[in-house]
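Scroll down for the structure; my scribbles are underneath it.
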Amino acid sequence: MKMVNLSIDGKEVEVSAGTTVLNAAEQAGIHIPRLCYEPDLSPWGACRLCVVEIQGLRNLPASCVTTVKPGMVVQTRSPAVIEARQTILELLLAGHPQDCLTCEKMGDCKLAQYCYEYGVKKSAVPETEPNYAVDDSNPFIVRDPNKCIACGKCVRACAEITGKNILELAGRGPGTRATTANDVPFVESECVFCGNCVSVCPTGALTEKQMQGKARRWEYQKVKTTCPFCGTGCNFDLCVKDDKVVGVASNPESIVNGRALCLKGRFGWDFVYSERRLTTPLIKRNGGFEPATWDEALDLIADRLSEIKAKHGPGAFASLSSARCTNEENYLMQKFTRAVMGTNSVDCCART
Ligand code: FES
């Protein structure tokens with residue numbers, strides 16, 4: 001692999017050819033602020049917050065779309081770079097509602113984080129606060145176009161992760177915002193409610209409805225787990241506050257699915273607290289189900305299976321296990337079928 005040597009903030013760095021300046025800096029342990037960059041998505045170079053100074057260039061290029069060159073000398077925090085970032089943040093604030101106290105994203109908002117970091121308190125240009133209607137039409141996602149900073153991450157997540165192309169940027173200048181085709185509410189669009197757009201949104205423009213008012217970011221812990229809904233085995237983080245699940249967050253480090261989740265994985269967690277969940281075995285007696293102990297239920301199953309095998313032979317039995325079970329449980333199911341029941345008639349819904 002061809003390697004390139006360059007200097008970033010006085011550090012000598014060696015990276016493979018084709019690496020962007022932003023990624024080269026990351027590899028050198030230098031964080032460059034970013035709002036539209038996301039490792040899982042194609043680079044856009046839209047927000048310009050990642051600008052850097054490169055010796056010999058008059059302008060300040062966006063580091064997320066600039067590839068390294070041999071001998072490059074890069075400054076990521078020069079006075080010119082800091083001033084440019086402050087101006088960009090001021091421009092973004094000009095059209096952004098300042099309702100941080102009640103915003104769902106408080107504590108997890110990248111715009112607020114960078115404004116704090118760069119000392120930007122308010123916009124230096126006249127405020128032109130937009131007044132778009134909030135799209136609250138569906139049970140899963142709240143879309144507040146007023147808080148959209150047109151970074152395009154949701155647009156790319158919808159196209160590149162989910163493959164649906166539901167979202168696009170509409171409007172021009174300060175009025176630019178992500179919206180659906182013909183600006184219809186989510187529920188009237190072709191949206192499949194996977195929520196991948198929500199997981200990449202840096203501001204409160206897209207938030208999860210189920211989590212509204214449940215917890216601030218600093219109030220919940222993230223606990224990594226595996227989705228129980230199918231056999232794919234997607235990983236994600238459960239957001240847990242006071243020992244109760246309040247939501248699900250993508251875990252970009254997941255080797256199975258990365259950030260991607262489907263509707264069930266991201267929004268189907270509320271079954272955990274359903275009052276209709278079975279908490280005890282039920283045995284059918286006299287045409288109805290009656291609660292039983294585990295010993296009673298397991299004894300009944302063992303007796304009935306032994307009876308069937310003795311009367312009709314192993315060929316009368318077959319097992320069908322579920323993709324919702326773990327690999328270990330499915331392994332035990334086939335072991336039981338072969339070793340105890342004496343048949344190879346084994347199947348699992350994950351096969352199809
Ligand atoms: Fe590079 Fe937005 S992060 S332009």
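We use all heavy atoms of the structure for the numbers below, so side chains are in, but hydrogens, waters and symmetry mates are not.
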Side chain of [X], backbone of [Y]: donor and acceptor closer than 3.5 Å?
| X | Y | answer |
| --- | --- | --- |
| R277 | V272 | yes |
| D99 | T102 | no |
| S250 | R259 | yes |
| T207 | G204 | no |
| N146 | Y132 | yes |
| R85 | V51 | yes |
| K164 | C194 | no |

Donor-acceptor pairs under 3.5 Å, side chain of residues 292-300 to any protein atom, not counting sequence neighbours: which ones?
{"from": "T293", "atom 1": "OG1", "to": "E296", "atom 2": "N", "distance (Å)": "3.1"}
{"from": "T293", "atom 1": "OG1", "to": "E296", "atom 2": "OE1", "distance (Å)": "3.3"}
{"from": "E296", "atom 1": "OE1", "to": "T293", "atom 2": "N", "distance (Å)": "2.8"}

Checking E329 now: which residues fulfil salt bridge (charged side-chain N to carboxylate O under 4.0 Å, His left out) with it, not counting sequence neighbours? none

If the condition is salt bridge (charged side-chain N to carboxylate O under 4.0 Å, His left out), which residues does E219 pass it with, not counting sequence neighbours? K241

Please go through M211's hydrophobic cluster and name the other residues, only I, L, V, M, F, W, Y counting, with side-chain heavy atoms under 4.5 Å joining them. Y220, V246

Any chance you could measure [X], atom [atom1], to [Y], atom [atom2], to the nearest 0.5 Å?
| X | Y | atom1 | atom2 | result |
| --- | --- | --- | --- | --- |
| I32 | T76 | CD1 | OG1 | 5.5 Å |
| I8 | E26 | CD1 | CD | 10.5 Å |
| I301 | R304 | CD1 | CZ | 11.0 Å |
| Q86 | C115 | CD | SG | 10.0 Å |
| C197 | I141 | SG | CD1 | 4.0 Å |
| D243 | Q221 | CG | CD | 8.5 Å |

For F267, check ring pair (Phe, Tyr, Trp, His ring centres under 6.0 Å) against everything at least two apart and list the hits. F140

Applying ring pair (Phe, Tyr, Trp, His ring centres under 6.0 Å), can you list everything that pairs with F271, at least two apart in sequence or on another chain? F229

Between [X] and [Y], a side-chain donor and acceptor under 3.5 Å:
| X | Y | result |
| --- | --- | --- |
| S319 | T337 | yes |
| T179 | R143 | yes |
| N257 | S254 | yes |
| S321 | Q334 | no |

I'd like to know if [Y] and [X] are part of one continuous hydrophobic network [Ile/Leu/Val/Met/Phe/Trp/Tyr, side-chain heavy atoms within less than 4.5 Å].
| X | Y | result |
| --- | --- | --- |
| V52 | Y118 | no |
| L261 | F193 | no |
| I30 | I54 | yes |

Given the ring of Y273, does K244 sit roughly above its face, with NZ or CZ under 6.0 Å from the centre of the six-membered ring and within 45° of the axis? yes

Salt bridge or not for D40 and R156, using N-O below 4.0 Å? no

Quick test of your reading of the model: are E104 and K147 salt-bridged, counting only N-O distances below 4.0 Å? no

Among residues two or more places apart or on two chains, list those pairs meeting side-chain hydrogen bond (donor to acceptor under 3.5 Å, both in side chains) that have a residue in residues 50-59. E53-S78

Can you pull out every side-chain hydrogen bond (donor to acceptor under 3.5 Å, both in side chains) where at least one residue sits in residues 223-232? Sequence neighbours excluded, please. T226-N235

Applying side chain to side chain contact (heavy atoms under 4.5 Å, CB included) to T279 and not counting sequence neighbours gives none

Mind checking whether [X] and [Y] have side chains closer than 4.5 Å, heavy atoms only?
| X | Y | result |
| --- | --- | --- |
| T203 | H96 | yes |
| Y116 | L89 | no |
| M106 | L101 | yes |

Would you be so kind as to tabulate the donor-acceptor pairs closer than 3.5 Å made by side chains of residues 168-177, with sequence neighbours excluded?
{"from": "T176", "atom 1": "OG1", "to": "G173", "atom 2": "N", "distance (Å)": "3.2"}
{"from": "T176", "atom 1": "OG1", "to": "G173", "atom 2": "O", "distance (Å)": "2.7"}
{"from": "R177", "atom 1": "NH1", "to": "G175", "atom 2": "O", "distance (Å)": "3.4"}
{"from": "R177", "atom 1": "NH2", "to": "D183", "atom 2": "OD2", "distance (Å)": "3.0"}

Filter on salt bridge (Lys or Arg N to Asp or Glu O under 4.0 Å), then keep only pairs touching residues 6-17, sequence neighbours left out; what's left? none

Out of D270, D144, D136, D135, which residue meets the salt bridge (Lys or Arg N to Asp or Glu O under 4.0 Å) rule with K209? D136

Going by atom type alone, with no hydrogens or angles, which donor-acceptor pairs under 3.5 Å involve a side-chain atom of residues 62-71 and a protein atom two or more places apart or on another chain?
{"from": "S63", "atom 1": "OG", "to": "C50", "atom 2": "O", "distance (Å)": "2.7"}
{"from": "T66", "atom 1": "OG1", "to": "A62", "atom 2": "O", "distance (Å)": "2.7"}

